[in-house]
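Both counts, for ligands and for their atoms, begin at 1 and track the order of listing.
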Amino acid sequence: MFKTLGQGVLDLFYPYGCCACGKKIPPGIFCAGCYARIEPLTVTAVPYLFSAVRYREPIVTAIHRFKYRGEVFLAPYLAEFLIELCRRRKLNERIDCIVPVPLHPTRFRERNFNQSELLGCEIAACFSLPVLNQLLIRCRNTPSQTGLSGKERRANVAGAFQVRKDVILKGRRCLLVDDVLTTGATLSACRNRLLASGAEEVYGLTLARD
Ligand SMILES: [Zn+2]
C-alpha cells in the first residue's frame, strides 16, 4: 500500500514509533496513551528491594523488545524509570556502586549483551557511580524461572552466583540492578553473596515487578 505524501513527510521527520502500539511519536519510547497506562509502584514489599513499575503492558512489550529482540536503544528510556525511583527514594545517596545481575556466560554469548548491565550503566552515568560489572559471576546456567513456584525458584538460584575473590567489598554499599522482579529469588541470592563477601549494605532495584 502507498503512503500518503503527508505520512511520508511525517516518517521523514518522526521515524519513531511508540514501542508498544507503533503510533508515530517524537523521539521517545511510548505515546501519551501508552505512557498513561504504566502503573508506577509506590510501596515495597521488602525494605531493601525497589521496583519502578508493575510488569504490565506497555512495559512488558518494551522489555521484550529490549531483551529478546536486541533493541538496546531502549535502555536509556527504560532506565529513566529507575533513575526517577532512585531520586525519589534517595537510593543514589545510600550507595557507592552499581552491580548488575549477571547473565551466565552461555546466555551472554547468545544475547551479546546483558540487559541489567545496560540499565545499570545508565544509572551509574547519571549519578557518577562506578559499575562493578565483573564482580558477580553466574556460575550455573539456571534453567528458566518461568512457571516455577517461589520455593522452586529459590532452590533454582541457590548457589548460582559467586563473588570474585580479588575484589574487596568490605564497607561497600551496592545497588543490584535487574530488569524484572518476580519472586525476588535472584536478587536475594545475589544480595546474600555480596553481604557474605563483606558488603556493608545491598539494595536491589528492578525496572518492573510481576
Ligand atoms: Zn502507544
Using the ring of F50 (Phe, Tyr or Trp, six-membered ring only), decide whether R89 places NZ or CZ under 6.0 Å from its centre and within 45 degrees of its axis. no

I want to check something: taking the side chain as every heavy atom from C-beta on, are S197 and K165 in contact at a cut-off of under 4.5 Å? no

For N133, check side chain to side chain donor-acceptor pair (under 3.5 Å) against everything at least two apart and list the hits. E117

For residues 192-206, which residue pairs pass the salt bridge (charged side-chain N to carboxylate O under 4.0 Å, His left out) check, not counting sequence neighbours? R191-E201

For residues 51-60, which residue pairs qualify under side chain to side chain donor-acceptor pair (under 3.5 Å), counting only residues two or more places apart or in two chains? E39-R54, S51-T206, Y55-H64, E57-T61

Rounded to the nearest 0.5 Å, what separates atom CG in D178 from atom OG in S116? 4.0 Å

Report for the Zn ion (ligand 1), protein N, O or S closer than 2.8 Å, by chain and number, lists C18 SG, C21 SG, C31 SG, C34 SG

